[in-house]
2 protein chains.
Amino acid sequence: MDKPTKPRSTRIQREKRELILEAALEVFAQHGFRGATIDQIAEAAGMSKPNLLYYFKSKEAIFVTLIDRLMEAWLAPLREMDADGDPITEIRSYIRRKIEMARDFPRESRLFANEILQGAPRILPLLEGELKELVDEKAEIIRQWIRQGRLKKTDPHHFIFAIWATTQHYADFDVQVRAVLGPDKGGEGRFEDAAAFLERLFLG
Amino acid sequence: MDKPTKPRSTRIQREKRELILEAALEVFAQHGFRGATIDQIAEAAGMSKPNLLYYFKSKEAIFVTLIDRLMEAWLAPLREMDADGDPITEIRSYIRRKIEMARDFPRESRLFANEILQGAPRILPLLEGELKELVDEKAEIIRQWIRQGRLKKTDPHHFIFAIWATTQHYADFDVQVRAVLGPDKGGEGRFEDAAAFLERLFLG
DNA sequence: GCAATTTTTGACCGTTTGGACAAACGTTAG
DNA sequence: CTAACGTTTGTCCAAACGGTCAAAAATTGC
C-alpha cells in the first residue's frame with residue numbers, strides 16, 4: 001500500500017482542466033453565465049469544443065467548479081479577522097486585503113457579482129449557511145470591540161456590508177470608475193487612492 | 001394648424017410600449033441582456049412575440065430604450081446636490097435619495113449594474129461624457145465645502161464612489177444582504193437601518 | 001515495436017433563439 | 001356596407017447553442 005487506491009487524473013489532465021477554468025473565468029466574468037458560450041471558452045482555452053467537454057461534462061459543471069473555488073478565496077480575508085488583535089489594525093488589514101483582491105482578481109469579483117445579481121441560484125444555501133455564520137461570528141467580535149470602547153459605535157453587519165460594497169466596487173464597476181476618473185487619475189494608482197480613502201472613511 | 005405635423009403614436013401605442021418596457025425591465029433585471037429572451041418578455045407583457053416586435057424592432061431596441069430612460073432617473077439625485085445648501089444636509093439628502101432608489105427601484109439598479117459589469121458596451125460614451133462632467137462638477141463643490149471648513153477633508157471622487165457603492169449594494173446584492181441578515185433583521189426595516197448607518201458613516 | 005489507453009477531432013443532432021412575413025382580425029370613417 | 005388603416009397572430013427560417021458520438025490521433029506501459 002504505497003499509494004492510495006485513487007491515482008486518477010494525470011498531470012496533463014490537471015493542467016488542461018486548469019487551462020479551461022482560467023479561460024472560463026475570463027469568458028464568464030465578461031459575459032455572465034448565459035452570455036458565455038462553450039465555443040468561446042474552448043477557443044480561449046485553445047482547444048475544440050468536444051475536447052473541452054471531455055474534461056468537463058457541461059457548461060454548468062465548469063461554472064460550478066469555478067464558483068466553488070472562488071468562495072474559498074472570497075471568505076478568506078474575513079476569516080483572518082482576529083478577535084485578539086488590535087481592532088484598528090484588524091479592520092485596516094481587512095480593507096487592504098479586500099482592495100488587493102479587487103485589484104488582483106477583478107474577474108473573480110465580477111463572476112461573483114454576476115451570480116448574486118441573478119439571485120444567487122447556485123450559492124444561496126452557502127450564503128444562508130456558511131457565509132451568514134461567518135459574518136455573524138465576526139459581527140459579534142466587532143460588537144465586543146465596541147463594548148470595550150476600542151471601536152467607534154456602529155452596526156456591525158452594515159459595517160461589513162459597506163466594506164464589501166466599497167471595495168468590490170473598484171472591481172465590478174471598474175469601467176465606470178475609470179470613465180469618471182478620466183485618463184489622468186484613472187491610472188493604476190487608483191487602487192492605492194481607494195485604499196487610503198477607505199481606511200479614513202472606516203477608521204478615521 | 002390645430003396640431004403639430006406629428007400626431008403619431010396613439011394613446012394605445014404608448015400604453016403598449018409602456019407595458020412592454022415594464023415587462024422587459026423585470027426580465028432583463030433578473031436574467032441580464034443575453035439571458036433574457038423575447039418570448040419571456042412577450043409573455044410577461046401578455047402578448048405574442050410578433051406582436052411585441054411590432055412595437056419594438058428588436059430586443060436591443062427595447063434594452064436601449066430602457067437604459068436611456070434609466071440614466072435620466074439615475075443621475076437626478078446627484079444633480080440635485082446644491083452648492084448653496086448646507087453640506088451636511090445636502091449629502092444626507094443625497095444618501096437618502098439613493099437608498100430610497102435602491103429600495104423602490106431595485107430592478108433599475110440591477111439593470112444598470114449588469115450593463116456596467118459587461119463593460120458598459122452601450123453607455124460608455126455617456127459615462128465618459130455626461131456622467132464624468134456631472135461628477136467632476138459636484139466633486140468641485142465638495143472640494144469647495146472642504147476648503148471652507150464646512151466638511152471633513154476627503155477625496156471627493158472616492159467619496160461619491162463610496163456613496164454609490166454602499167447604497168446600490170442594497171439593491172444589487174439584495175439576496176446576499178437578506179441571506180446574511182437572516183429572517184429576523186432582514187425584514188423591510190433593513191433600508192431604514194442602512195440609511196441610518198450610512199449617514200453616520202459618511203457624516204459622523 | 002506494439003497493444004492498450006488516453007486525448008483530440010469532424011461531423012452531426014435536437015433545441016432555442018431573434019427575427020421576418022403574409023394573412024387574418026378589428027376598428028373606424030365615409 | 002366597405003375601403004382603409006392599425007393591430008395581432010400562426011408559421012416559418014437561419015443562425016447559434018449545448019451536447020453526443022464514433023473514429024482518428026497521440027501517448028503510455030510493457
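Hydrogens, waters and symmetry mates play no part in the numbers below; they use all other heavy atoms, side chains included. Proteins get letters first, then strands, A, B, ... in listed order; numbering begins at 1 in each.
Note that the first and last nucleotides of DNA chain C, 5' to 3', having any atom under 4.0 angstrom from a heavy atom of chain B are C:dT17 to C:dC21.
The distance from the CD atom of B:Gln176 to the CD atom of A:Glu115 is 11.0 Å, given to the nearest 0.5 Å. To the nearest 0.5 Å, atoms CD1 (A:Ile41) and CD1 (A:Ile20) are separated by 9.0 Å. The line from CZ of B:Phe202 to CD1 of B:Ile88 is 13.0 Å long, rounded to the nearest 0.5 Å. Between the CD1 atom of A:Ile95 and the CD1 atom of A:Ile163 there is a distance of 4.5 Å, given to the nearest 0.5 Å.
Side chain of B:Glu199 to main chain of B:Arg92: no donor-acceptor pair is present (N/O by atom type, distance under 3.5 Å, no hydrogens or angles).
Cation-pi geometry between A:Arg103 and A:Tyr170 is not satisfied (NZ or CZ under 6.0 Å from the ring centre, within 45° of the ring normal). Because its NZ or CZ atom is not both nearer than 6.0 Å to the ring centre of B:Phe161 and within 45° of the ring axis, A:Arg190 does not count as a cation-pi partner of that residue.
B:Phe112 and A:Phe173 have tilted rings, their planes meeting at an angle from 30° to 60° on a 0 to 90° scale.
As judged by a 4.0 angstrom heavy-atom cut-off over every strand, B:Tyr55 is placed among residues touching the sugar-phosphate backbone only.
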**OP:** Could you encode protein contacts along nucleotides 9-24 of chain D as a string, one character per nucleotide from 5' to 3', using B for base contact, S for sugar-phosphate-only contact and - for no contact, with a heavy-atom cut-off of under 4.0 Å?
**Re:** BB------SBBBB---
